[in-house]
Amino acid sequence: MDFLTLLQILDSTVRLATPLLLACLAGLFSERAGIFDIGLEGKMLAAAFMSGAVAYVSGNVWLGLLAGIGASMALSVIHGLASITFKGNQLISGVAINFLAAGLTVVIAQSWFAQGGRTPQLTGGARFNPVELPFAEAFRDIPIFGPIYAELISGHTIIVYIAALTVPLTWWILYRTRFGLRLRAVGENPAAVDTAGVSVVGLRYAAVGICGILCGIAGAYLATALQAGFVKDMSAGRGYIALAALIFAKWRPWYALYATLLFGFLQALALRPDLIERVLSFKVNGQLLDVLPYILTVIILAGFVGKAIPPRAGGEPYVKER
Amino acid sequence: MTAPAIELKGISKAFGPVQANKDISIRVMPGTIHGIIGENGAGKSTLMSILFGFYKADKGEIYISGNLTAIPDSQAAISAGIGMVFQHFKLVENFTVLENVVLGAEDSAMLKPSLARARKELKALAEEYGLNVEPDALIQDIGVGMQQRVEILKALYRKAEILILDEPTGVLTPAEADQLFRILERLKAEGKTIILITHKLREIMDATDTVSVMRRGEMTATVKTAETSPQELAELMVGRKVLLQVDKEVATPGANVLEVKDLRVVDDKGVERVKGISFNVAAGEILGIAGVAGNGQSELLEVLGGYENGTGTIIVNGTEIDLTGAHSDGQSRRDRGIAHVPEDRQREGLIMDYAAWENTAFGYHHDDKYQRSRLFMDNGAIQQDTVEKMERFDVRPPNPKLSAKNFSGGNQQKIVLAREIERNPDLLLVGQPTRGVDIGAIEFIHQQIVSLRDQGKAILLVSVELEEILSLADRVAVMFDGKIMGERLPSETNEQELGLLMAGITEMPDKPIIEAVEENLAHAGAGKEVH
C-alpha cells in the first residue's frame, strides 16, 4: 500500500469520524452532568432531515445548519423535560426520541418532497463544500509534509475543523471553568451541588442544551456535508457508536477524539474492500468489514477494554433527600 | 440583650399526612453550642433542613440576628451565614478537597484564581481552627474524619457564622469524635454559633450549652445543659420514664454454640474484607462485636447468615457448616438453628411493600403449621400467628395487614425480632439492633435480647454504638480492617480503650492519640466504604 492510498484512507477516516466525534462530545456533556442520552441517534437524524430540507428550500446551507440545530434542540428539550423536570426514566425517554425521529423524519419528508422519504439532492450553496487551506497547493510538493497537508488536513468542510476545535474547547470548559467544575459535580453528586447553593436543574438543562447543539451540528454534517441530502435512517447507528466511543473514552474529551477516530478508521476501511484484499492478499467479505465498527462496539460495551466508571449520578433523576 | 443568632417562630411542615414539624419556636444565642435532641423521626433534621433552605416551611418565620429572613433555597441560607454539615456528606468523591471547597463559591468564571485563593484561605482556616486537611487529596482517598473536616471548611469558606451539624459522630471513632468536639469548642471561642443535632445523650451533656428536645414534631423543652440530666432528657424525648441502663444478671455461659476459625471473606471487587478471624460464642452469653462501620462486621454477619461466601471453618453446635455452595444459604442456616436479625432491616430484613403478616412468615413459610394443603398456604394461620407475635412484641399499630413501610423504625425492628426470636434459635445473629430505633423501643429490644440470653441461647451482637455493646455484651471483640484487634470484658475496659482498638491501636501510643488514630486509619484505608 502506497503513501497516497494510506492518506486517502486517513482522509475518509477524518470525514467519517467527524459526526461520531460531535455526537460523542454531545453525549459527554450530557452524561457528565448525569443525564444518560441514548437519544443521540434520534437527534442526529432529526437534525439531518431538517438541515437537508431547509438547505434545499432556502438554498443556504447555513440556514440548514441552524434548522438542524433547532430540530435537535427541540428533542433535547423533550428529553430534558422528561428526565430532569418530570424525573422520568432517561433510557425510556431516549428510546422514545429515537423512534420519534426515525418515524417523523420519513413521514414529513414524504409529505413535503414526495420522493420516498428523502429530500431532493443538494447542490452548490445548499451544501458544505471543501475548504482549501492556505498554501495547500504550494506545499503539495514538499515530501511527506506536503501531501499530508494538502490531502489529509486541507480540503475538508468547515464542520470537520469545527469538530476538531470542539475537543480542546470541551476540555477547557470541563476542567478550567467554573461551569465545567459544576457540570462534572452535578453528574457525580447532585446533592453536593444543591447544598452548595447551585441549581441542579439549571446545570442539567444547560448540559442537555449543549448536547442538542452538538448533535444538531453532527446531524447537519451528515445531510449537508458528508452526503448531499437526507435519506431515510441516514444516521445508521452513529449515535450508538458515539455512545460506545464515549464509554471507550471513559467520558474524557481527548480520548473521545481518539476513540471516534478509531471507529472512523474502521468505517473507512469498510469502504475500501479492494485495498484490504491487496494488503492481506485474500478476499475479505465486504459485509464483514461493514460490521467491524459494530463488533468493536459490542466488545467495548462488554467491558473487554478496561473498566470504565461512568459518572456516579448518571441516569438517576435528582430527588432531594436529607 | 443581644438578639438571638437564630430565632424560629411557629415553624410547621407536613409531608403529606405526616406532620414533621408542628408550630416550632426556638432561640439560639450567638456564640453557644445549642443541642437539638430527639428520637428518630422527631423532626430534628426536617427543622434544620428548613433552616438551610433545603425544604420550605408551610408556616413560620425565621429571624437571623434579629432580622426576618426568607430562606427559599440553600443559596439564601449560605448568604445568611448558615452552613450545614449533613449526616451523609455532600462531597464529590472524585474531586479534590480544594475543588469541593470551591464548588458553588467560585470567585469568577475561571477556575484558576478561585482555586489559588481557596488554597490560601484553607491554609489560614486550618491554622485558625485546627482543621487539618490535604487540599490536593481526592475525597475518595481520605477517611471520614477528614471528609467531615472538609464539610466544616466548606461552611467556613462561605463565611458561615452559624454551623449546623446533623448527627456528626455517627461515622467517627471515639477519638475522632473527641477531636471534632475540640474543633467545635474552638469555633465557639471564635464567636461562631453551633447547632448540634444528635440522638446521643452523652454528646449533648458533654458539648452543649443549651439543649432543645423534640418529640413527634414538637419542641417539648429547651433547657440549660448544666441544669439537666441524661435521665431527664430521655424522659422529655420519649414522654415517659425510660431505663437507660440494661438490667441484666451475670452471664452463665455453657458449651460453645458457635466456633469461628480463621474466617476470610473476599468481596465481589476482590478486596479481602474479613482477614482471618476466630472467636467463639457460648450458650447463654452475648458476644458483642464493636467497630466503626465498614471494617468487616457486615461481611461477617453475611457469611454467618448464609448470603455471602467465605473460607475458613464455622462450627455450630459441634458440626461444621458449608460456607459456599448449595448448602450455604439462609434456609440451611435456619435449619441449623441460626436466626438472623440483619443490619439493614429495610433491605435485608423486610420487604417494605408487603404486609406485616407476610413479613413475619418469610424464611419460615415452609413450616407445616403455615400449610393448608400441599399447594396452598394457610394465610389465616399466618395472620393469627402474626397477631399473637405483635402482641407479645408490642408492635404498634397491631395490624397484621399494614405494609412494613408504614411502621416506624422501632416497630419494623420488632417485627423482624419477633419473627426470628420466636423460632427459638440456638444462635441469634443481631446486626445494629437499634439503628434508627426510638429510645422507648430500644429499651424493649434490649430486654428481648437479654431474655433470650437468659434462656441459654448464644447471641452474636454487631453494633457500631459502643454504648450499646458495653451495656449488652458479656464479652466484647473489636474489629478493625477485617481483623479482631482484641477481646475485653465490659467490666474491665472503657470507651477510651475500645475506641483505640476501633482505630487499630492495641497499645497506648507515645504521641497524641488523634495523630496515631489518623495515621492508622489512613494506612488501613478504613472507613472508605462509609459515605
Side-chain angles (χ1 to χ4, degrees), chain A residues 28 31-35 168-207 210 249-253 255 303 306-316 318-322, chain B residues 15 20 44-50 52-56 71-80 82-96 98-115 139-140 150-151 154-155 157-158 166-167 197 269 531:
Chain A
L28 191 145
E31 302 208 346
R32 271 296 180 113
I35 303 291
L169 184 66
T170 301
W171 177 86
W172 183 79
I173 290 175
L174 277 186
Y175 297 103
R176 287 291 179 268
T177 69
R178 172 174 67 190
F179 174 71
L181 183 77
R182 294 176 174 184
L183 187 96
R184 285 183 288 133
V186 86
E188 291 289 332
N189 186 358
V193 174
D194 193 14
T195 52
V198 182
S199 165
V200 172
V201 169
L203 276 172
R204 287 192 160 171
Y205 266 106
I210 294 173
K250 298 182 178 164
W251 292 267
R252 290 172 298 188
Y255 290 87
K307 193 170 163 54
I309 301 165
R312 241 162 281 206
E316 282 171 24
Y318 175 58
V319 183
K320 267 184 199 216
E321 264 182 296
R322 263 170 290 169
Chain B
F15 294 101
K44 311 178 295 264
S45 295
T46 305
L47 186 66
M48 290 305 119
S49 296
I50 288 170
F52 192 62
F54 216 54
Y55 294 139
K56 231 174 118 56
I71 303 186
D73 53 31
S74 301
Q75 185 63 57
I78 293 166
S79 314
I82 302 171
M84 180 143 176
V85 177
F86 287 85
Q87 187 174 6
H88 302 285
F89 303 148
K90 310 290 185 194
L91 297 169
V92 181
E93 290 271 308
N94 56 1
F95 277 21
T96 64
L98 201 59
E99 286 170 328
N100 269 288
V101 169
V102 162
L103 180 68
E106 307 89 343
D107 303 325
S108 65
M110 293 299 110
L111 271 186
K112 243 185 185 160
S114 306
L115 289 173
I139 296 297
Q140 62 201 17
V150 175
E151 285 283 19
K154 259 169 76 178
Y157 184 73
R158 288 158 171 75
D166 190 0
E167 301 283 0
I197 304 174
K269 289 184 197 116
H531 300 308

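Small disclaimer: the values here were computed from a predicted structure and weren't measured. In what follows, chains carry the letters A, B, and so on, assigned in the order in which the sequence lines appear, proteins first and then strands, with residues in each chain numbered from 1.
Interface summary for chain A: among B:Asp107, B:Leu91, B:Asn100, the most heavy-atom pairs under 4.5 angstrom belong to B:Leu91. When each of B:Ser114, B:Ala105, B:Ser108 is checked for heavy-atom pairs under 4.5 Å with chain A, B:Ser108 comes out on top.
Under 3.5 Å, the side chains of A:Glu188 and B:Asn94 contain a donor-acceptor pair of N or O atoms.
More than 12 heavy atoms of other residues, nucleotides or ligands shown are found within 6.0 angstrom of CZ on A:Phe179.
In this structure, B:Met110 and A:Arg178 have side chains that are not in contact, with every pair of non-hydrogen atoms separated by 4.5 Å or more. Residues A:Thr195 and B:Phe52 are in side-chain contact: their nearest non-hydrogen atoms beyond the backbone lie under 4.5 Å apart.
Heavy atoms only, all atoms of each residue included: B:Gln75 and A:Ala196 are closest at OE1-O, 4.1 Å. Closest non-hydrogen pair, A:Asp194 versus B:Phe54, comes out as OD2-CE1, 3.3 Å.
Taking CG of A:Leu181 as the reference point, atom CG of B:Leu115 lies at 7.5 Å (rounded to 0.5 Å). Atom OH of A:Tyr175 and atom CD of B:Glu99 lie 10.0 Å apart (nearest 0.5 Å).
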Test side-chain contact (heavy atoms from CB on, under 4.5 Å) applied to A:Val193 and B:Leu103, step by step: CA-CA 7 Å; A:Val193 174; B:Leu103 180 68; 4.2 Å; yes
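At a 4.5 Å heavy-atom cutoff, the contact between A:Arg184 and chain B is made by backbone and side-chain atoms alike.
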